[in-house]
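Working notes, beginning with the structure itself.
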Amino acid sequence: MNSQRTLSKRLWLQRYLLILTLPAVLWMVIFNYIPMYGVIIAFQEYTPFKGFIHSPWLGFDNFKELFADPTFRESLTNTFKISIAKLVFGFPAPIILSLLLNELAFKRFKRIVQSLTYLPYFVSWVLVVGFMYTLLDPETGVVSKLLVKLGIIGSDVMLMGDAHSFLSLVVITEIWKNVGWNSIIYLAAIAGIDPQLYEAAVVDGASRFRRVWHITLPSLKPTIIILLILSIGGLVNSNFDQMFLMQNSMTQDAANVLAVYSYKMGLVSGRFSYGTAIGLFQSLVAFVLMYAANYSSRKLTKESLF
């Protein structure tokens with residue numbers, strides 16, 4: 001009874017905070033949890049006219065076809081290749097940016113840099129890819145002409161149609177678009193570090209690099225580990241908007257990731273059950289990856305999500 005009274009009292013004291021979070025909770029329930037019932041069609045030959053109940057039951061036939069499909073295996077390979085490249089090069093980028101911004105002495109210049117790095121996050125991928133086609137055009141593109149003058153590419157190379165350049169362009173644009181926004185959480189963590197630690201380090205004669213290495217980075221360790229665990233869990237979930245818009249007739253093999261393949265099979269081809277099976281496979285693999293990363297982190301660093 002005492003524990004129930006204590007819980008009720010805490011809920012009442014925090015009632016305004018709970019009211020503020022209520023819309024987000026409702027949104028999550030309506031759009032993320034209630035639709036989970038539709039996963040059942042991955043085990044059916046679903047047709048909209050028959051619905052969930054009357055559609056024929058297939059069991060694991062969709063998954064058997066999935067694993068035997070060479071296009072699925074190719075899309076799975078592409079997904080991991082692109083996601084790992086984004087993780088290796090994209091994950092450290094906001095950490096480095098936040099450390100550099102924190103060390104800037106001129107506050108006005110710091111705010112300008114922050115605004116410029118945040119801005120691309122609010123630009124849609126439609127505009128970003130459109131800019132890429134304009135800037136990388138072999139005849140009129142400013143960036144293409146600069147690369148030709150530097151001797152990096154030939155004058156006849158069309159980067160947006162080059163399958164070998166596709167991975168590099170995907171990683172570079174992903175970093176450019178999200179590095180500023182992703183650095184916010186690291187800057188918030190840095191702001192919470194006790195200033196007395198830096199003052200004591202200055203008194204001891206520590207250089208700026210030493211203060212970053214021995215104070216800032218260790219303080220960021222829990223945040224870095226948690227975000228790394230979440231990033232590992234998302235290795236199988238590539239950015240659909242980016243991949244779908246950047247693909248063309250010359251790069252479609254390199255851009256054929258699981259999200260795009262699921263869209264093509266589920267909506268374009270009308271094979272709703274097959275597309276749902278691909279999505280369910282992605283979710284299960286993502287759960288296994290995140291659980292494995294969390295378990296490893298808990299054993300090695302004592303930091304984990306749960």
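The analysis underlying the following values was restricted to heavy atoms, covering all of them including side chains, and did not include hydrogens, waters or symmetry mates. Note that the numbering runs from 1 along the sequence shown for the chain.
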| field | Axial cation check for Trp12 ring with Arg15, 6.0 Å and 45° limits | value | yes
| query | Do Asn248 side-chain atoms and Met250 backbone N/O form a donor-acceptor pair below 3.5 Å? | reply | yes
| Got a donor-acceptor contact below 3.5 angstrom from the Ser144 side chain to the Thr140 backbone? | no
| field | Qualifying residues under salt bridge (Lys or Arg N to Asp or Glu O under 4.0 Å), relative to Arg208, sequence neighbours excluded | value | Glu103
| message | Please verify the inter-ring angle class for Trp181 with Tyr121; under 30° counts as parallel, over 60° as perpendicular, anything in between as tilted. | response | parallel
| field | Donor-acceptor pair, side chain of Ser262 and main chain of Ala259, under 3.5 angstrom | value | no
Give every donor-acceptor pair under 3.5 Å between a side-chain atom in residues 57-68 and any protein atom, sequence neighbours left out.
residue	atom	partner	partner atom	Å
Asn62	ND2	Ala42	O	2.9
Asn62	ND2	Gln44	O	3.3
Glu65	OE1	Arg271	NH2	3.0
Glu65	OE2	Arg271	NH1	3.0
Glu65	OE2	Arg271	NH2	3.2

| request: Keeping the roles fixed (side chain from Ser273, backbone from Tyr46), state whether a donor-acceptor pair exists under 3.5 Å. | output: yes
| query | Can you list the residues that meet the salt bridge (Lys or Arg N to Asp or Glu O under 4.0 Å) rule with Arg211, with sequence neighbours excluded? | reply | none
| query | Can you pull the salt bridge (charged side-chain N to carboxylate O under 4.0 Å, His left out) pairs that have at least one residue in residues 170-183, sequence neighbours excluded? | reply | Lys86-Glu174
| Is Thr276 reaching over with its side chain to a backbone N or O of Phe272, donor-acceptor style, under 3.5 angstrom? | yes
| query | According to the interplanar angle, ranging from 0 to 90°, do the rings of Phe31 and Trp27 count as parallel (below 30°), tilted (30 to 60°) or perpendicular (above 60°)? | reply | tilted
| Side chain to side chain, Asn294 and Ile232, heavy atoms closer than 4.5 Å | no
| query | Got a sec, which residues hit side chain to side chain contact (heavy atoms under 4.5 Å, CB included) with Ile30, two or more places apart in sequence or on another chain? | reply | none
N/O donor-acceptor pairs under 3.5 Å from side chains in residues 220-230, not counting sequence neighbours:
none

